[in-house]
Amino acid sequence: MGQTITQKILAAHCGKKSVDPGELINAKVDLVLGNDITAPIAIKEFEKISAADVFDRDKIALVPDHSMPNKDIKSAELAKAMKEFARKHKITNYFEVGRMGIEHTLVPDKGLVLPGDVVIGADSHTCTYGAIGAFSTGVGSTDMAAAMALGEVWLKVPEVIKFVYYGKLQPWVGGKDLILYTIGKIGVDGALYSSMEFTGETISQLPMHGRFTMCNMAIEAGGKNGIIEPDETTLEYIKQRARHVYNVYQSDPDAVYKDVIEIDCSKIEPQVSFPHLPENTKPISEVGDIQIDQAVVGSCTNGRIEDLREAASVLRGRKVHPDVRMIVIPGTQEIYLQAVQEGLAQIFVEAGAVFSTPTCGPCLGGHMGVLAAGERAVATTNRNFVGRMGHVTSEVYLAGPSVAAASAVMGRIASPEEIE
Amino acid sequence: MTGRVHKYGDNVNTDEIIPARYLNTTDPNELAAHCMEDIDLEFPKKVRPGDIIVAEQNFGCGSSREHAPIAIKAAGVSCVIAKTFARIFYRNAINIGLPILECPEAVDGISNGDEVEVDLISGKIRNITSGQDFQAKPFPLFMQQLIAAGGLINYARERISSC
């Protein structure tokens with residue numbers, strides 16, 4: 001019986017020829033990741049294990065990004081605890097403020113995850129790296145602690161749902177719209193405990209940033225991981241970045257899937273997810289008149305240079321609506337610099353938007369753009385739960401960068417077509 | 001264990017269980033003081049030691065924040081019963097020793113405020129208020145071992161010390 005790419009990667013990491021869905025395994029990990037919110041708990045738990053040292057100082061990444069730059073004294077203490085742990089154990093991949101980025105943009109850009117790797121991260125959006133053909137999944141702090149000591153993680157081999165995307169994308173439609181549409185179709189627990197394998201001609205044509213966005217939001221359908229078989233686009237992306245040996249796996253033609261879902265992309269418009277679940281998606285033409293107070297472009301979902309270029313192409317020569325605050329957040333310092341050099345930063349600032357240092361900040365209602373009672377935001381982020389970006393009565397509408405930028409100009413949720 | 005039930009619906013997410021504005025601490029008691037605040041503002045005041053949370057599908061969806069099961073455990077909740085759990089919450093609960101049970105029939109047969117008795121070893125759930133009995137799905141052997149060891153940290157310590 002054939003194996004899926006997910007099964008092949010997991011089998012290779014637990015010393016087996018093959019694994020079956022439902023099987024519990026201890027898998028060796030190629031990277032263990034944590035941030036300033038989750039790592040401090042992991043560090044406390046790690047101390048309780050009484051391990052002499054971490055399993056491999058090159059295979060741990062610690063990225064302060066959530067409350068960064070430190071938003072208050074308590075957050076500063078958490079960041080300090082992580083930094084001291086990194087120093088004590090000589091962690092190779094600790095990224096200080098000024099050199100850091102949003103972890104899921106930074107880690108693949110630094111070449112720390114490559115095809116065929118197993119990565120766990122104490123952050124639910126760790127599933128992002130499936131875009132380069134790795135098995136990566138979010139876990140909790142205790143899992144992170146145990147993996148830092150043992151170099152292993154317990155995993156249940158997931159069943160796999162295959163998504164086949166076909167058809168040519170309409171203008172302004174990208175990875176964000178495909179994944180929001182998919183979540184709208186299957187629901188926020190439509191892939192619970194399962195792997196989401198994204199395939200088809202549309203995916204083959206999709207650039208890396210769109211693939212990252214899609215895999216990033218697999219968790220919003222309850223998925224264990226999102227994954228895309230590596231191809232020429234993947235290999236081109238990793239060519240200059242790869243620093244360790246990697247393995248390209250592909251699903252067998254006779255691999256067994258729990259379900260196969262075909263999606264005709266030619267009819268998909270830009271999508272908007274209404275409060276308070278990512279599954280509440282509507283095409284932009286059915287949104288109606290939704291006034292907004294804030295527009296956010298950024299996050300681990302849409303903070304890549306291509307996302308910024310897309311937003312800038314809509315904003316160029318225009319002004320943010322007088323009633324709207326627009327906040328643009330690049331994913332990493334490299335992207336920040338690139339945005340400056342390409343003139344994107346100037347477009348944002350001249351339009352009247354904030355152009356910020358990398359941070360997860362507003363996505364989780366942490367800082368740098370928290371909403372007041374009753375305020376509404378359109379955001380390129382990944383969650384629109386109750387109170388996600390601030391006050392419990394505030395609202396978040398999820399969309400891609402072009403819709404967020406067009407909405408910032410119009411003062412209501414709008415299609416980029418409306419301002420052309 | 002016996003406790004009074006606080007019942008919730010589908011997709012109770014980790015932002016509702018412990019909002020991000022409180023994630024600048026790792027102290028279990030501070031987290032417990034804000035547990036479930038964005039779905040049920042009164043919860044931290046009304047919860048009593050031993051109480052049980054019962055919820056529909058996909059409990060704990062969203063973020064990987066272990067602060068969520070930590071807050072629930074520190075609030076004194078003895079067990080969470082749901083039709084299904086989001087996968088990160090599920091493994092976090094097992095790893096830190098917060099008892100959870102999957103039992104759709106029990107969720108349908110238990111109302112807010114009911115007195116419920118739970119036997120974690122056998123997975124038997126009794127609604128004392130209505131007199132109904134339910135049987136939760138058993139955990140796979142490896143997870144039973146983790147639970148018996150007192151969570152993942154104890155398991156990892158045993159592994160390290162036996163190396």
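- A side-chain N or O of Asn95(B) and one of Asp143(A) form a donor-acceptor pair less than 3.5 Å apart.
- Heavy-atom pairs under 4.5 Å with chain B peak, among Val188(A), Ile49(A), Asp123(A), at Ile49(A).
- Nearest heavy-atom pair across Gly62(B) and Ser124(A) is O-CB, 3.5 Å.
- Only the side chain of Leu24(A) comes within less than 4.5 Å of a heavy atom in chain B; its backbone stays farther off.
- Only the side chain of Leu277(A) comes within less than 4.5 Å of a heavy atom of chain B; its backbone N, CA, C and O stay farther away.
- No side-chain heavy atom of Asn24(B) sits under 4.5 Å from any side-chain heavy atom of Ser67(A).
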Working for side-chain contact (heavy atoms from CB on, under 4.5 Å), residues Val386(A) and Ile39(B): CA-CA 8 Å; Val386(A) 170; Ile39(B) 191 172; over 6 Å; no
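- Of all non-hydrogen atoms in Ala146(A) and Leu152(B), the two that sit nearest each other are CB-CD2, 3.5 Å.
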Working for side-chain contact (heavy atoms from CB on, under 4.5 Å), residues Leu192(A) and Thr84(B): CA-CA 9 Å; Leu192(A) 194 60; Thr84(B) 54; 3.7 Å; yes
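- From Phe46(A), atom CZ reaches atom CD1 of Ile153(B) across 9.5 Å, with rounding to the nearest 0.5 Å.
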Test side-chain contact (heavy atoms from CB on, under 4.5 Å) on Ile70(B) and Ile41(A) and set out the steps. CA-CA 10 Å; Ile70(B) 289 172; Ile41(A) 294 181; 3.9 Å; yes
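- A 4.5 Å side-chain heavy-atom check between Leu155(A) and Arg91(B) finds at least one atom pair inside the cut-off.
- Once rounded to the nearest 0.5 Å, the distance linking OG1 of Thr25(B) with CG of Leu78(A) reads 7.0 Å.
- When atom types are taken as modelled, the side chain of Tyr193(A) and the backbone of Phe85(B) share a donor-acceptor pair closer than 3.5 angstrom.
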For Lys74(A) and Glu30(B): C-alpha separation, side-chain torsions, deciding distance, then whether salt bridge (charged side-chain N to carboxylate O under 4.0 Å, His left out) applies. CA-CA 12 Å; Lys74(A) 282 175 151 186; Glu30(B) 276 187 64; 2.8 Å; yes
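- Residue Ser75(A) touches chain B through both its backbone and its side chain, counting heavy-atom pairs closer than 4.5 Å.
- With a threshold of 4.5 angstrom between heavy atoms, Arg388(A) approaches chain B through its backbone and through its side chain.
- Of the atoms belonging to Glu152(A), it is side-chain heavy atoms, and not backbone ones, that fall under 4.5 Å from chain B.
- Once rounded to the nearest 0.5 Å, the distance linking CG of Asp15(B) with CE of Met389(A) reads 11.0 Å.
- Crowding of Lys124(B) atom NZ: a count of heavy atoms from other residues, nucleotides or ligands under 6.0 Å not exceeding 12.
- For the atom pair Cys127(A) SG and Ile88(B) CD1, the distance stands at 7.5 Å (nearest 0.5 Å).
- For the options Arg21(B), His67(B), Arg65(B), Arg87(B), heavy-atom pairs under 4.5 Å to chain A are most numerous at Arg87(B).
- With a 4.5 angstrom heavy-atom cutoff, Asp72(A) touches chain B only via side-chain atoms.
- Note: Val139(A) leads Thr137(A), Thr126(A), Val139(A), Val370(A) in heavy-atom pairs under 4.5 Å with chain B.
- In Lys80(A), the NZ atom is not crowded: 12 or fewer heavy atoms of neighbouring residues, nucleotides or ligands sit closer than 6.0 Å.
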Go through the steps for Asp189(A) and Asp10(B) under the test side-chain contact (heavy atoms from CB on, under 4.5 Å), then give the verdict. CA-CA 10 Å; Asp189(A) 62 352; Asp10(B) 285 329; over 6 Å; no
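- In terms of non-hydrogen atom pairs under 4.5 Å with chain A, the most contact-rich of Glu66(B), Arg159(B), Arg157(B), Met143(B) is Glu66(B).
- Both the backbone and the side chain of Leu23(B) come within less than 4.5 Å of a heavy atom in chain A.
- The two residues Ala149(A) and Ile160(B) come nearest to each other via the heavy atoms O-CD1, 3.9 Å.
- Between Arg383(A) and Ser63(B) there is a side-chain heavy-atom pair separated by less than 4.5 Å.
- Residue contact with chain B, scored on non-hydrogen atoms closer than 4.5 Å, involves the side chain of Asn26(A) exclusively.
- Heavy atoms of Leu364(A) lying under 4.5 Å from chain B belong to its backbone as well as its side chain.
- In this structure, no portion of Leu141(B) lies under 4.5 Å from any heavy atom of chain A.
- Side-chain contact between Leu146(B) and Trp154(A): present, with at least one pair of heavy atoms (C-beta onward) separated by less than 4.5 Å.
- For Asn92(B), the part lying near chain A is the side chain, with the backbone staying farther off; criterion is any non-hydrogen pair under 4.5 Å.
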